[in-house]
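The basis for the numbers below is simple: all heavy atoms, side chains too, and nothing from hydrogens, waters or symmetry mates. Here the structure is a predicted model, which is why all the values come from computation and not from measurement.
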Amino acid sequence: MDKKLYLYNTLSRKKEEFKPINPGRVGMYVCGPTVYGDAHLGHGRPAITFDLLFRYLQHLDYKVRYVRNITDVGHLTDDGDQGEDKIGKKAKLEQLEPMEVVQRYKLRYQRNMSQLNVLSPSIEPTASGHIIEQIETIKAILDAGYAYESRGSVYFDVEKYAKDHDYGKLSGRKIEDLYSTTRELDGQQEKRSSLDFALWKNASPEHIMRWPSPWGDGFPGWHTECTAMSCKYLGSQFDIHGGGMDLLFPHHEAEIAQSVAAHGHETVNYWMHNNLVTINGQKMGKSLGNFINLDELFEGTHKLLERPYGPMTIRFFILQAHYRSPLDFSNEALQAAEKGMDRLMKATALVSALKASDESTVDVSSLQEKCYAAMNDDLNSPILIAHLFDGVKMINSINDGKASINAADLKILQDLYQQFVYDILGLQGEQQSNESSSDAMDDVMQLLLTLRQDAKTNKDWSTADKIRDELKAMGIEVKDTKDGATWELKN
RNA sequence: GGUCGGUUGGCCGAGUGGCUAGGCAGUGGUCUGCAAAACCAUGUACGGCGGUUCGAAUCCGCCACCGACCUCCA
């Protein structure tokens with residue numbers, strides 16, 4: 001059985017066998033959110049993608065240090081000097097101190113992630129908490145001669161860097177092409193070249209978020225924090241760096257350049273990028289008005305949504321597509337995912353109640369191998385889920401007495417579903433228990449079901465149906481099974 | 001315009017040079033007083049045109065369309 005884990009490395013555009021720098025340990029860094037607004041679908045996908053990786057690496061017994069940053073220093077809304085910073089803008093709009101904005105949205109982001117059952121990273125550093133480290137990084141780049149100071153700002157000298165190194169190797173861009181496609185923006189007169197990017201930005205007097213530095217009051221450039229913080233917590237050489245595909249250029253390209261300039265070598269072994277999310281086939285964008293926040297999704301309040309979708313439905317839906325493929329959200333697709341997940345979760349719950357027989361008519365080991373093979377092939381969660389659905393048939397057949405399983409196989413099967421469904425995919429029952437339910441409620445329902453059973457025994461169908469129909473109208477569904485009736489609260 | 005990626009059955013979404021992906025919906029069946037639920041079974045597919053090949057939806061070329069990035073974005 002092939003136990004090697006293969007991951008797609010954006011740098012080589014190939015799947016590569018994953019080999020950690022230090023045996024048994026993995027360092028991974030993922031670009032987190034800028035906290036100036038509610039978390040939306042676009043934040044959910046990378047969080048879940050790299051949560052899957054985090055969980056799987058741990059399942060493989062790696063000790064993982066997972067760093068996901070919080071960007072809270074207020075980068076500019078455009079690349080020119082005149083642009084307002086995003087957090088400062090939001091602060092003015094809402095009449096809040098910028099750090100109040102940051103605090104509010106950071107907490108909301110973390111709550112949403114926890115609803116999606118995304119595990120907390122090992123470290124969640126903020127850019128504002130690492131101004132000193134960023135200044136040190138900038139100094140190192142200046143010392144190496146790949147940056148210059150200009151009117152209180154510090155810029156990275158892309159042209160000089162490109163002479164000595166390959167600028168564009170990650171995104172596949174050529175520097176001569178970049179010249180012809182870079183727009184002229186305000187404030188570019190202080191740069192030597194339009195390709196140069198800010199490492200430190202001088203703060204205009206009205207700019208709220210500002211810190212002192214050797215070059216005057218200002219704030220760090222967009223790309224600086226990841227270089228500084230990944231190095232601080234993972235070292236100048238680490239295993240995996242992840243993020244959305246939209247960050248490939250310029251963000252990650254700039255990170256590579258900064259690291260090489262500051263440390264003299266590249267720092268990341270595997271670059272991983274998740275694909276983006278579309279809504280009804282359209283790019284999700286603020287201007288298109290189809291940005292769906294996670295809260296809106298969970299509550300069904302967005303105008304594009306027919307009804308609410310639970311966090312686990314969203315999680316399952318995202319995992320049902322491969323992380324490097326684009327993913328399209330639609331009501332139809334979400335409802336299909338919800339039903340499918342329901343079936344998987346019911347079978348997963350059922351597997352622990354199965355009874356062992358003397359012999360097995362099912363091939364559990366082969367199922368297990370296929371599950372690992374799927375995950376080892378660049379985290380192919382859709383294939384994994386397909387195999388788990390094959391297992392659902394197996395489980396149901398055993399439960400129906402149409403197949404049998406011996407004790408040893410049953411143990412494997414139970415562990416398999418525990419590990420892959422709960423631990424690795426990170427799925428859990430949508431409503432753990434009915435919150436509005438209580439012991440008294442259970443007793444009342446038991447009474448009603450007993451009364452209905454009595455009516456059925458007396459062939460009093462109208463009473464039996466009345467109980468069933470009226471309960472249904474209240475949102476309680478009665479299900480008749482061989483072993484008697486059960487009930488379920490529907491939202 | 002440049003770079004990169006995609007185009008799969010009613011919908012979503014994998015994968016592969018010849019052998020069923022999977023889910024949802026649909027259809028048939030089992031169960032049921034009826035129904036629902038549950039379970040079982042099941043079909044039409046690989047954008048267009050050429051080429052390579054014994055054989056391609058899978059490889060190559062051209063075309064069309066879509067998308068991403070090139071500017072803040074996950």
Quiz item: Base, sugar-phosphate, or nothing: which does L334(A) touch, judged by heavy atoms less than 4.0 Å apart?
Solution: nothing
Quiz item: Is S397(A) touching bases, backbone alone, or none of the nucleic acid, heavy atoms closer than 4.0 Å?
Solution: nothing
Exercise. Just call it for R173(A): base, sugar-phosphate, or nothing, with non-hydrogen atoms closer than 4.0 Å on any strand.
Key: base
Self-check item: Pairwise C1' distance for rG23(B) and rG15(B), with rounding to whole Å
Solution: 15 Å
Quiz item: In whole Å, what separates the P atom of rA41(B) from that of rG22(B)?
Solution: 10 Å
Exercise. Once you apply the 3.5 Å cut-off to both distances, tell me the Watson-Crick or G-U wobble partner of rG50(B), or none.
Key: rC60(B)
Self-check item: Watson-Crick or G-U counterpart of rC65(B), or none if no pair lies under 3.5 Å
Solution: rG6(B)
Quiz item: Taking atom C1' in both rC46(B) and rU16(B), what distance in whole Å separates the two?
Solution: 12 Å
Quiz item: rC73(B) phosphate, OP1 or OP2: any side-chain N/O from W222(A) under 4.0 angstrom?
Solution: yes
Quiz item: P atom, rA68(B) versus rA56(B): distance in rounded Å?
Solution: 35 Å
Quiz prompt | Distance in angstrom units between F197(A) CZ and rU71(B) C1', rounded | solution = 15 Å
Quiz item: Looking for any heavy atom pair under 4.0 Å, which part of the strands does K174(A) touch: base, sugar-phosphate only, or nothing?
Solution: nothing
Quiz item: Just how far, in rounded Å, is C1' of rC72(B) from OH of Y36(A)?
Solution: 6 Å
Exercise. For M113(A) and A47(A), work out which heavy atoms get closest and say how close.
Key: SD-CB, 3.4 Å
Practice problem: Might you point out which heavy atoms bring M312(A) and Q428(A) nearest each other, and give the distance in Å? | Solution: CG-O, 3.2 Å
Quiz prompt | Separation between the P atoms of rG17(B) and rC12(B), rounded to whole Å | solution = 26 Å
Quiz item: Which is true for G340(A) with a 4.0 Å heavy-atom rule: it touches a base, it touches only sugar-phosphate, or it touches nothing?
Solution: sugar-phosphate
Quiz item: Hey, is the side chain of D480(A) pairing donor to acceptor with the base of rA35(B) inside 3.5 Å?
Solution: yes
Practice problem: Decide, yes or no, whether a salt bridge links R108(A) with D295(A) under the criterion of side-chain N to carboxylate O below 4.0 Å. | Solution: yes
Quiz item: Quick one: is R343(A) getting a side-chain N or O under 4.0 Å of the rC24(B) phosphate, OP1 or OP2?
Solution: yes
Exercise. Provide the distance between the two P atoms, one in rU71(B) and one in rG61(B), to the nearest whole Å.
Key: 29 Å
Exercise. Could you tell me whether D465(A) contacts a base, only the sugar-phosphate backbone, or nothing, with contacts defined as non-hydrogen atoms closer than 4.0 Å?
Key: base
Quiz prompt | Separation of rA68(B) P from D328(A) CG (nearest whole Å) | solution = 12 Å
Quiz item: Should the pair D465(A)-R468(A) be classified as a salt bridge under the 4.0 Å nitrogen-to-oxygen rule?
Solution: yes
Self-check item: Base paired to rG55(B) (Watson-Crick or G-U; both N/O distances under 3.5 angstrom)
Solution: none
Quiz item: Using a cut-off of 4.0 Å on non-hydrogen atoms, how would the nucleic acid contact of L327(A) be classed: base, sugar-phosphate, or nothing?
Solution: sugar-phosphate
Quiz item: With a non-hydrogen cut-off below 4.0 angstrom, is R324(A) in contact with a base, only sugar-phosphate, or nothing?
Solution: nothing
Quiz item: Taking the P atom of each, how far is rU52(B) from rA45(B), in whole Å?
Solution: 26 Å
Practice problem: Whole angstrom is fine here: how far is it from NE2 in H252(A) over to C1' in rC73(B)? | Solution: 12 Å
Quiz prompt | Gap in Å between the two C1' atoms, one belonging to rA25(B) and one to rC11(B), rounded | solution = 7 Å
Quiz item: If we require ring centres under 5.5 Å and near-parallel planes under 30°, does F389(A) stack on rG23(B)?
Solution: no
Exercise. Taking all non-hydrogen atoms of both residues into account, name the closest pair between M375(A) and Y56(A) and its distance.
Key: CB-CZ, 3.5 Å
Quiz item: Which one is paired to rU30(B), where only Watson-Crick or G-U wobble pairs with both distances under 3.5 angstrom count?
Solution: rA38(B)
Quiz prompt | Under-4.0 Å salt bridge between D480(A) and R452(A) | solution = yes
Practice problem: Select base, sugar-phosphate, or nothing to describe what K459(A) touches, counting heavy atoms under 4.0 Å on all strands. | Solution: nothing
Quiz item: If pairing requires Watson-Crick or G-U wobble contacts with both distances under 3.5 Å, which nucleotide is the partner of rA21(B)?
Solution: none
Quiz item: Between the side chains of N202(A) and S204(A), is a donor N or O closer than 3.5 angstrom to an acceptor N or O?
Solution: no
Exercise. Let me know the distance between CG of D246(A) and P of rC69(B), rounded to the nearest Å.
Key: 7 Å
Exercise. Report yes or no: is there a donor-acceptor pair, N or O only, under 3.5 Å between the side chain of R468(A) and the base of rA35(B)?
Key: yes
Exercise. Under 4.0 Å between any heavy atoms, over every strand shown, what does L276(A) touch: base, sugar-phosphate, or nothing? Just pick one.
Key: base
